[in-house]
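Within every chain, numbering begins at 1; the chains are lettered A, B, ... in the order of the sequence lines, protein sequences first and strands thereafter. Heavy atoms only: backbone and side chains are in, while hydrogens, waters and symmetry mates are out.
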There are 2 protein chains.
Amino acid sequence: MAERGTSIRARVRAELTEEIKKAARAQLAVEGANLSLRAVARELGMASSAVYRYFASRDELLTALIIDAYDALGAAAETADARYKRRTDFAGRWVAVARALREWALTAPSEYALVLGSPVPGYRAPRDTTGPASRTPYVLVGIVAEARDAGQLAPADGPPIPARLRTELAALARTVEVDLDEPLLARTLAAWSQLYGAISFELFGQLDNMIDRRAEWFDYQARGMAAQIGLC
Amino acid sequence: MAERGTSIRARVRAELTEEIKKAARAQLAVEGANLSLRAVARELGMASSAVYRYFASRDELLTALIIDAYDALGAAAETADARYKRRTDFAGRWVAVARALREWALTAPSEYALVLGSPVPGYRAPRDTTGPASRTPYVLVGIVAEARDAGQLAPADGPPIPARLRTELAALARTVEVDLDEPLLARTLAAWSQLYGAISFELFGQLDNMIDRRAEWFDYQARGMAAQIGLC
DNA sequence: TCTCAAACGAGAGCGCTGCTCTCTCTTGTG
DNA sequence: CACAAGAGAGAGCAGCGCTCTCGTTTGAGA
């Protein structure tokens, strides 16, 4: 008998799949990037071979975790922006989203490392991840585009952009359907890269023995990014 | 018989140690972060247990590689700055050093990932690395300090710095013996973090399907950092 | 309602890993 | 010249990812 379009078996299967991922995430949190499929199976009280009914390989499990992490990261960015009240305070929105991303990274460092750290084994997951991966930059770009539409954008400055890079930026804007001109897109992209750098720098221990007031330091940088883009 | 203060045995030992590291680096380059001590031993035609005469554990081998990588990275920065002719073109020097760091990272991606990527197994190497690790930022800070001394620094701007962060920056400047005032140190530190972000962003695949003209894109960002610091 | 193929779980096993221990041979120094 | 320290090899342990085989469960079609 079908229930809600899916059989009971399928439902149980989905639940166990989720439970495996949950246990894997838990182990990842304490063990670092070295995820042991056998340990996950042990945790769940099942034979290691049984896990292979749900994930064809350890890498496939990791891929699933990566996709989930991308989704969680994107969701964090979206809700942070949505919850920000003063919609025309674009710099404030940028900082709020940046903070949310950092905080998500701090609560789930190994998952952040999974998606944005060094590629794990030989190479990374296939490009099933492109969808969820684009949620975060989409939020960032959205803030900038809205600011531009509201006329709240400081006049463009920044280094000159070589002609060929400019055409590539234009092509990029077209393919991802982003309505920003080349200099603005360049500044936004650079700010995104900078944001990623600031979070990774802290998370991967480069700030150790240098700065303890990390939240304040991060805010300083996030405000710098907003200023660099031209958000007011 | 002692030779140059070290016995022959010690010399041979040092050579073999170096050879092990070399083989490990080679394997790391093709295999990613998963370094197999047994494979290294196999490559060298020796029993895996013999390697333990030279490195107490796989982690210790990795630590040695990390220290070497930090040193190589620092050396790349230093020579790039030293070779730059127009000493008062501080923005040019910054960009030259940034380029050198990126190029080193591109030629040895796994070694870069080792030192600046996500911490590998459970946690990272001990703090034997602090010395070599500081060579790169020292070069960057040096350029800024020289520019300031030459009066080639644009007037400070940037986000406000909270008082407590400011005192911590002052303390940091004191402990690492850097002669930069708080706002300038903050801008330099932020630029360093940004530089790290730009390199990692490219190296870890975040630029894939977005920008192909990577050298030009990197230059654009490097120039932006110099401008943000105030280098002329 | 019964049947049977598909789904599932467990266990054994393969080759790999890091690491330890023991045994033998070499080496350089007192 | 003796002998302890250094060095290499090999066996072995527990763990890993993954495969295969063998019973059991289950749910959909006859």
Is a side-chain N or O of T107(A) found less than 3.5 angstrom from the main chain of E103(A), in a donor-acceptor match?
yes
Find which nucleotide of DNA chain C each of R53(B) and S36(B) is nearest to by heavy atoms, and output the residue with the more 5' nucleotide.
S36(B)
Taking CG from L37(B) and P from dC19(C), how many angstroms apart are they, rounded to a whole number?
7 Å
Starting at CZ of R13(A) and ending at P of dA6(C), how long is that distance when rounded to a whole Å?
15 Å
Can you tell me how far P of dG15(D) sits from CD of Q27(A), to the nearest Å?
13 Å
Tell me what L44(A) touches on the nucleic acid: a base, only sugar-phosphate, or nothing, going by heavy atoms under 4.0 Å.
nothing
Please state how far atom CZ in F55(B) lies from atom C1' in dC19(C), giving the value in whole angstrom units.
16 Å
Mind calculating the distance between CG (N34(B)) and C1' (dT17(C)) to the nearest angstrom?
10 Å
Has the side chain of S49(B) got a donor or acceptor that lies under 3.5 Å from a partner of the other kind on the base of dG8(D)?
no
Using a heavy-atom cut-off of under 4.0 Å over every strand shown, decide if L61(A) touches base, sugar-phosphate, or nothing.
nothing
Under 3.5 Å, is there an N or O donor on one side and an acceptor on the other linking the side chain of R38(A) and the base of dG15(D)?
no
Will you find, in the side chains of Y112(A) and S200(A), an N or O donor that is under 3.5 Å from an N or O acceptor?
yes
R58(B) CZ to dC16(C) P, straight-line distance once rounded to whole Å
17 Å
Short question: side chain of E78(B), backbone of R135(B) - any donor-acceptor pair under 3.5 Å?
no
Identify whether any heavy atom of Y54(A) sits under 4.0 Å from a base atom; if not, whether one sits that close to sugar-phosphate; answer base, sugar-phosphate or nothing.
sugar-phosphate
Looking at V141(B), is its backbone amide N or carbonyl O close enough to the side chain of T188(B) to form a donor-acceptor pair, meaning the two atoms are under 3.5 Å apart?
no
Give one of base, sugar-phosphate or nothing for S57(A), where a contact means two heavy atoms less than 4.0 Å apart.
sugar-phosphate
Expressed in angstrom and rounded to an integer, what is the separation of M46(B) atom CE from dG10(D) atom C1'?
14 Å
Between E168(A) and R164(A) (salt bridge meaning N to carboxylate O under 4.0 Å), is one present in this structure?
no
Regarding the side chain of Y52(B), the nearest nucleotide among dG8(D), dT20(C), dA10(C) is dT20(C)
What's the CZ-P distance between R42(A) and dG15(D), to the nearest Å?
7 Å
